[in-house]
Amino acid sequence: MSIVLVVTVVPAPEHRDEVIAAFEKAIARVHQEQGVEVYALHEGADRLVMIEKYESEQARAAHAKGPALAGLLSALDSKLTTKLDVQVLTPHPFGEPAKGAI
């Protein structure tokens, strides 16, 4: 079963561009990791939201220990107004299969 994460990041306004650049650099690396199905950045007015999907818990765990995430976390140091809000979600598919789950 796929593992879905939603990670909310609130950059300090003066560091927003740097935070986005750090995510862009990490995204390029993470897209090469085995088992990554979705790793996508979305922008809100005052926050950034990552939607992540892994083919298995093992793939998610490998990502969590990998160099791309370590580099990203290092680049984000002192540039956020709050801690990362990481939510690990379990799909609850309903309706049309292609539209009812990420």
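Heavy-atom contacts from other residues, nucleotides or ligands closer than 6.0 Å to CD of Gln34 number 12 or fewer.
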Open item on the list: Could you walk me through whether Leu80 and Val9 satisfy the side chain to side chain contact (heavy atoms under 4.5 Å, CB included) test, starting with their C-alpha distance in whole Å, then the side-chain angles of each, then the deciding distance to 0.1 Å, before giving a yes or no?
Closed with: CA-CA 7 Å; Leu80 307 180; Val9 180; 3.3 Å; yes
Using residues 38-54 as the side-chain source, report each donor-acceptor pair under 3.5 Å to any protein atom, sequence neighbours left out, with the distance given to one decimal.
| unit_1 | atom_1 | unit_2 | atom_2 | d |
| --- | --- | --- | --- | --- |
| His42 | ND1 | Ala40 | O | 3.4 |
| Glu43 | OE1 | Arg16 | NH2 | 3.1 |
| Glu52 | OE1 | Tyr54 | OH | 2.5 |
| Lys53 | NZ | Ile102 | O | 2.7 |
| Tyr54 | OH | His63 | NE2 | 3.3 |

Check: residues 55-62 side-chain donor-acceptor pairs under 3.5 Å, at least two apart:
| unit_1 | atom_1 | unit_2 | atom_2 | d |
| --- | --- | --- | --- | --- |
| Ser56 | OG | Gln58 | N | 3.4 |
| Ser56 | OG | Gln58 | OE1 | 3.3 |
| Ser56 | OG | Ala59 | N | 3.1 |
| Glu57 | OE1 | Arg60 | NE | 3.2 |
| Glu57 | OE2 | Arg60 | NE | 3.1 |
| Glu57 | OE2 | Arg60 | NH2 | 2.6 |

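The hydrophobic cluster containing Ile3 also contains Val36, counting ILVMFWY residues as joined when their side-chain heavy atoms lie under 4.5 angstrom apart, directly or transitively.
Here the shortest heavy-atom pairing between Pro11 and Val19 reads CB-CG2, 3.8 Å. Among all heavy-atom pairs drawn from Ala68 and Ala26, the shortest one is O-CB, 4.3 Å.
How far NZ of Lys83 is from CG of Leu76: 14.5 Å, rounded to the nearest 0.5 Å. Expressed to the nearest 0.5 Å, how far CZ of Arg29 lies from NE2 of His31 amounts to 13.5 Å. Here the NZ atom belonging to Lys79 is positioned 13.5 Å from the CD1 atom belonging to Ile20, to the nearest 0.5 angstrom.
Within the structure, no pair that satisfies the ring pair (Phe, Tyr, Trp, His ring centres under 6.0 Å) test touches residues 64-87, not counting sequence neighbours. The side chain to side chain donor-acceptor pair (under 3.5 Å) pairs that include a residue from residues 87-102 are Asp85-Gln87, where partners are two or more places apart or lie in different chains. Note on residues 2-22: no pairs pass ring pair (Phe, Tyr, Trp, His ring centres under 6.0 Å), not counting sequence neighbours.
Grouped by direct or indirect side-chain proximity (heavy atoms under 4.5 Å, Ile/Leu/Val/Met/Phe/Trp/Tyr only), Val10 sits alone.
In terms of the side-chain contact (heavy atoms from CB on, under 4.5 Å) criterion, residue partners of Leu73 (sequence neighbours excluded) are, by chain and number, Leu69, Leu84.
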